[in-house]
Engineer: 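Got a structure for you, written out below as structure tokens; questions coming shortly.
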Amino acid sequence: EIMSKKEEQLQELEALTCIYPEEIEVISEDPYPKFKLYIKSTHDTNVDSQHKSALTLEVKFDETYPEQPPKITIIDSENVDDINFIENEIKKICEENLCMPMIFTLSSHLSEQLSIQAESHHKRFKEHEEQKRKAEEEAERSRFEGTCVSVESFIKWKVKFDAEMAELKNIKIDESEPKKLTGRQLFEKDRSLYESDIKFLSGDGGEVVEVDESLFQDIIDLDLEDDASTNANVGDLSDTEQ
């Protein structure tokens, strides 16, 4: 007894369900089988989960399958660099397997391609991490070693350093030299000088000013002698005039 196309299709769907119990989701069986198939990379045990590649296909059989390819649509993808490449691979595998069940062969081929892409993702990621690590190590080494000094860079630095030190030295010299003030500036700066003189002259402020009178004795005697001499001379002049 020759099976109908639908029976062949249902038989293939059952086999796929046994092979991919967690990856397949049957949408309908009438009028022809329609299902979703999740395909992931398999030969990538050294690849981190975040870099694994995967596809979700929607497959729809019709009355012409398997003499003609089924209708296949990519409805989701993870870490797939080139969807066009995957679509071309699907077309190629379907054409190579016409007139026979082809979904398992297609799924296996796509899984291999996804594994290659996952390895490529993982390799690029590791290279990036290695470059980042080397850059950080180089920056850390440069921070401890400092900047390499050549003769030219040292001379340039020395000229600038000497100029800065000379300018700093001049500023310090100017600040250390005391400035001479005039008498008026002294009085304006220190009002107590003026007030002390007033107190000295007036005797105010409750301060007792002691004066050594002997210092003025010679001046007083000199004034008295000068006055007597002057009076005598005046008297002689008066007698003469008379």
Side-chain angles (χ1 to χ4, degrees), residues 2-141:
I2 300 175
M3 289 190 297
S4 65
K5 282 187 172 58
K6 183 175 180 180
E7 289 175 336
E8 292 178 354
Q9 295 172 5
L10 289 175
Q11 190 176 42
E12 180 179 0
L13 178 61
E14 184 180 358
L16 291 172
T17 303
C18 294
I19 298 171
Y20 306 112
E22 297 181 358
E23 290 83 8
I24 194 168
E25 177 187 350
V26 178
I27 300 174
S28 65
E29 295 182 358
D30 294 316
Y32 295 95
K34 180 180 179 181
F35 56 91
K36 292 180 182 179
L37 183 61
Y38 178 75
I39 304 172
K40 61 183 178 180
S41 54
T42 55
H43 305 293
D44 51 8
T45 55
N46 296 325
V47 178
D48 298 334
S49 59
Q50 61 181 347
H51 299 121
K52 291 183 180 294
S53 300
L55 288 169
T56 301
L57 305 180
E58 184 181 80
V59 182
K60 183 177 182 181
F61 295 160
D62 60 18
E63 68 276 7
T64 64
Y65 178 79
E67 282 76 16
Q68 296 296 324
K71 183 179 179 180
I72 300 176
T73 305
I74 300 174
I75 60 176
D76 195 13
S77 64
E78 301 173 26
N79 296 323
V80 177
D81 293 331
D82 191 347
I83 292 294
N84 290 331
F85 170 78
I86 298 297
E87 290 175 342
N88 290 333
E89 290 296 300
I90 292 173
K91 183 178 179 181
K92 182 184 73 171
I93 296 301
C94 288
E95 290 177 351
E96 292 175 352
N97 293 274
L98 291 175
C99 299
M100 63 182 68
M102 63 182 71
I103 301 304
F104 174 76
T105 303
L106 174 64
S107 176
S108 299
H109 177 76
L110 292 180
S111 179
E112 292 286 344
Q113 296 301 315
L114 293 177
S115 296
I116 294 172
Q117 292 199 14
E119 290 286 352
S120 178
H121 272 281
H122 182 72
K123 182 179 179 180
R124 289 198 301 270
F125 174 77
K126 290 297 183 182
E127 290 175 350
H128 175 73
E129 289 294 307
E130 182 65 15
Q131 292 175 357
K132 182 179 178 181
R133 183 186 65 80
K134 289 182 178 180
E136 291 175 350
E137 290 179 353
E138 182 64 25
E140 188 71 10
R141 182 166 54 252

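These values consider heavy atoms only, across backbone and side chains, with no hydrogens, waters or symmetry-generated copies.
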Engineer: For K5, which residues count as a side chain to side chain donor-acceptor pair (under 3.5 Å) partner, sequence neighbours excluded?
Structural biologist: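 K5 satisfies side chain to side chain donor-acceptor pair (under 3.5 Å) with no other residue.
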Engineer: Please enumerate all residues that pass salt bridge (charged side-chain N to carboxylate O under 4.0 Å, His left out) together with D62, with sequence neighbours excluded.
Structural biologist: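 Counting only residues at least two positions away or on another chain, D62 forms no salt bridge (charged side-chain N to carboxylate O under 4.0 Å, His left out).
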Engineer: In chain order, what residues pass the side chain to side chain donor-acceptor pair (under 3.5 Å) check against T17, with sequence neighbours excluded?
Structural biologist: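 So T17 forms no side chain to side chain donor-acceptor pair (under 3.5 Å) with any residue.
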Engineer: Can you tell me how far OG1 of T56 sits from CD1 of I74, rounded to the nearest 0.5 angstrom?
Structural biologist: 10.0 Å
Engineer: Please round to the nearest 0.5 Å and tell me the distance separating atom CD of Q113 and atom OG of S41.
Structural biologist: 11.5 Å
Engineer: What are the two closest heavy atoms between I39 and S111, and how far apart are they?
Structural biologist: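 Shortest heavy-atom contact: CG2-N, 3.9 Å.
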Engineer: Can you list everything that forms a side chain to side chain contact (heavy atoms under 4.5 Å, CB included) with K40? Sequence neighbours excluded, please.
Structural biologist: E23, Y38, A54
Engineer: Just jot down the side chain to side chain contact (heavy atoms under 4.5 Å, CB included) partners of E63, sequence neighbours excluded, or say none.
Structural biologist: Y32
Engineer: Decide side-chain contact (heavy atoms from CB on, under 4.5 Å) for K6 and D30; before the verdict, give the C-alpha distance in whole Å, the side-chain angles of both, and the deciding distance to 0.1 Å.
Structural biologist: CA-CA 9 Å; K6 183 175 180 180; D30 294 316; 2.3 Å; yes
Engineer: Calculate, to the nearest 0.5 Å, the distance between atoms CG and OG1 belonging to L57 and T73 respectively.
Structural biologist: 8.5 Å
Engineer: Could you give all pairs that pass the ring pair (Phe, Tyr, Trp, His ring centres under 6.0 Å) test and reach residues 60-80, with sequence neighbours left out?
Structural biologist: F35-F61, F61-Y65
Engineer: Using atom types as modelled, flag every donor-acceptor pair under 3.5 Å from a side chain in residues 85-110 to any protein atom, sequence neighbours excluded.
Structural biologist:
unit_1: N88; atom_1: ND2; unit_2: N84; atom_2: O; d: 3.2
unit_1: E89; atom_1: OE1; unit_2: K92; atom_2: NZ; d: 3.3
unit_1: E89; atom_1: OE1; unit_2: H109; atom_2: NE2; d: 2.4
unit_1: N97; atom_1: ND2; unit_2: I93; atom_2: O; d: 2.7
unit_1: S107; atom_1: OG; unit_2: Y20; atom_2: OH; d: 3.1
unit_1: S108; atom_1: OG; unit_2: F104; atom_2: O; d: 3.1

Engineer: As an exercise, state the distance from CD of E58 to CG of L37, rounded to the nearest 0.5 Å.
Structural biologist: 11.5 Å
Engineer: Flag yes if more than 12 heavy atoms outside K60 fall under 6.0 Å of its NZ atom; otherwise flag no.
Structural biologist: no
Engineer: If you take all heavy atoms of V80 and Q117, which pair is closest and at what distance?
Structural biologist: CA-OE1, 3.3 Å
Engineer: Side-chain contact test, heavy atoms from C-beta onward, threshold under 4.5 Å: evaluate it for P33 versus V26 and give yes or no.
Structural biologist: no
Engineer: If you measure from NZ on K132 to NZ on K134, what distance do you get to the nearest 0.5 Å?
Structural biologist: 15.5 Å
